[in-house]
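One structure is given here, and the rest of the page talks about it.
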Amino acid sequence: MEKMKAVVFRGINQLVTEEVPRPAPRAGEAVIRITATTICGTDVHIVKGEYPVRPGLILGHEPVGVIHELGDGLDDEFTVGDRVIVGAITPCGQCFYCWNGAHSQCGGALGGWRFGNTINGAWAEYLLVPHARANLALVPPDLTDEQVLMLPDIASTGISGAESGNVRIGDSVAVFAQGPIGLCATLGARLRGASLVVGVDPVAERRQMARRFGASLTLDPKTDDVVTCLKQLTDERGVDVAIEALGRQDTFETALRSIRPGGVLSSLGVYSGKLVAPYDALHAGLGDQRIVTTLCPGGKDRMRRLIAMVREHRIDLTPLITHRFALDDIGDAYDLFSRQGDGVLKVALFPAAKPEQIAAADHALVTCARV
Ligand SMILES: [Zn+2]
Ligand SMILES: [Zn+2]
């Protein structure tokens with residue numbers, strides 16, 4: 001049996017690079033050779049033991065790659081060698097939930113999230129893609145891996161915050177937390193036509209990046225009374241839509257207090273423990289507010305749409321990639337990302353690269369950016 005290198009979750013705080021069997025596709029499945037992937041905040045929850053997955057699983061749910069092998073029944077649409085991305089969420093397209101439009105809940109709650117959750121993920125040289133016809137999205141040759149690396153999860157999730165919130169032209173929107181997903185939610189609010197977009201985050205560099213991603217202004221929850229400021233900006237009403245992109249009781253509650261009566265709280269955060277909506281913030285349950293939650297939309301058509309936005313220069317996610325590593329250096333990459341050191345937003349991981357190549361390439365990129 002052929003082998004491959006992969007990063008395996010062996011238990012809480014144990015990520016181990018191992019030689020494991022290379023997957024082989026059955027009918028309707030594909031195997032892609034991973035050329036780039038990344039680490040998500042959700043992976044940190046898993047490694048810390050805050051979201052349980054089985055030990056022995058390969059983590060990672062953000063794949064960019066090349067089709068290496070196709071199972072039966074796919075060669076009318078795909079060819080070995082095609083460059084592809086696959087959404088973090090891989091719906092089957094055929095079950096009750098898929099037919100009812102809840103693709104991310106394919107088969108049951110959170111069921112569309114398979115990579116690095118219920119099946120092996122992208123932190124490896126090769127990845128088995130289930131339901132390949134519904135999930136392989138072709139990448140045009142003029143786009144680089146880094147230009148599409150944020151699409152499988154971060155961009156799809158963040159932008160969906162604005163879509164689920166039904167942001168309309170001329171709306172006022174506040175986005176709580178400006179990490180990678182919050183920044184994409186800010187971008188999504190701008191794309192949907194919001195007039196006022198306020199990015200809320202305690203970290204100065206993230207507030208700066210929020211301006212770059214479309215925020216009209218930013219607030220620092222450490223020094224600003226966020227609810228009062230947002231009311232002042234909206235004739236004392238509150239914003240039309242608040243997007244929660246952190247997953248904490250305090251940001252959820254502030255977001256709820258920030259929306260006007262009849263407004264929308266669009267929640268992207270991953271919560272743990274008990275989430276409380278206080279009586280006064282909910283106007284006793286009679287405020288006509290809507291609270292909507294969204295798991296990252298996946299599937300090939302979602303990816304096609306996001307790729308089109310990159311290709312037509314409507315969005316550019318490359319500023320989110322602040323650090324690059326060979327997959328061999330996942331320990332360093334994980335350490336940097338999980339403790340949010342050195343202004344990191346997202347790290348790019350390259351399975352085929354040697355660590356010294358990354359150092360050289362990084363230097364070249366920095367030089368280009370300054371020109
Ligand atoms: Zn993720
Ligand atoms: Zn399904």
Side-chain angles (χ1 to χ4, degrees), residues 7 9 15 28-29 34 36-48 50-53 57-64 85-124 127 129-136 148-161 177 179-185 188 244-247 267-272 293-303 306 317 320-321 330 333-334 337-338 340 344-349:
V7 180
F9 173 73
L15 286 178
E29 298 174 340
I34 299 289
T37 183
T38 174
I39 303 176
C40 176
T42 307
D43 298 315
V44 177
H45 287 300
I46 292 172
V47 175
K48 286 182 174 170
E50 295 161 359
Y51 180 94
V53 303
L57 193 72
I58 301 168
L59 301 188
H61 51 260
E62 294 153 285
V64 180
I85 57 172
V86 185
I89 304 299
T90 49
C92 75
Q94 302 182 51
C95 71
F96 170 91
Y97 292 93
C98 286
W99 278 106
N100 282 281
H103 299 93
S104 300
Q105 312 301 326
C106 173
L110 274 65
W113 174 30
R114 296 183 165 91
F115 291 140
N117 181 25
T118 55
I119 65 172
N120 281 333
W123 292 355
L127 172 72
V129 180
H131 313 296
R133 190 182 290 280
N135 287 292
L136 294 175
V148 296
L149 178 57
M150 296 300 121
L151 305 185
D153 183 5
I154 299 303
S156 186
T157 302
I159 291 170
S160 78
I181 287 183
L183 287 167
C184 289
E244 205 283 354
L246 193 60
S267 173
L268 299 173
V270 182
Y271 304 92
S272 51
T293 67
T294 313
L295 171 60
C296 175
K300 71 177 175 187
D301 192 64
R302 175 67 171 180
M303 294 301 115
L306 294 174
L317 292 320
L320 294 176
I321 304 173
I330 182 117
Y334 178 82
F337 183 77
S338 60
Q340 293 190 6
V344 67
L345 284 169
K346 288 284 277 185
V347 300
L349 297 169

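When a ligand or atom number is given, it counts from 1 through the structure's own listing order. The first residue in the sequence is number 1, and the count goes up from there.
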> Any chance the side chains of Asp153 and His61 put a donor and an acceptor closer than 3.5 Å?
Replying inline: yes
> If you measure only the distance, is there a donor-acceptor pair under 3.5 Å linking the side chains of Tyr51 and Asn117?
Replying inline: yes
>> What I'd like to find out is whether the side chain of Leu349 reaches to under 4.5 Å of the side chain of Ile330, using heavy atoms alone.
In response: yes
> Listing by chain and number, what protein N/O/S atoms are under 2.8 Å from the Zn ion (ligand 1)?
Replying inline: Cys40 SG, His61 NE2, Asp153 OD2
> Should the pair Glu29-Arg133 be classified as a salt bridge under the 4.0 Å nitrogen-to-oxygen rule?
Replying inline: no
> Angle subtended at the Zn ion (ligand 2) by SG of Cys95 and SG of Cys92, to 10 degrees?
Replying inline: 110°
Exercise: identify the closest heavy-atom pair between [X] and [Y]:
X	Y	value
Cys296	Ser104	O-OG, 2.8 Å
Gly107	Tyr97	N-CD1, 3.7 Å
Pro63	Pro152	O-CG, 3.9 Å

> Of the backbone and side-chain N, O or S atoms of His131, does one lie nearer to the Zn ion (ligand 2) than 2.8 Å?
Replying inline: no
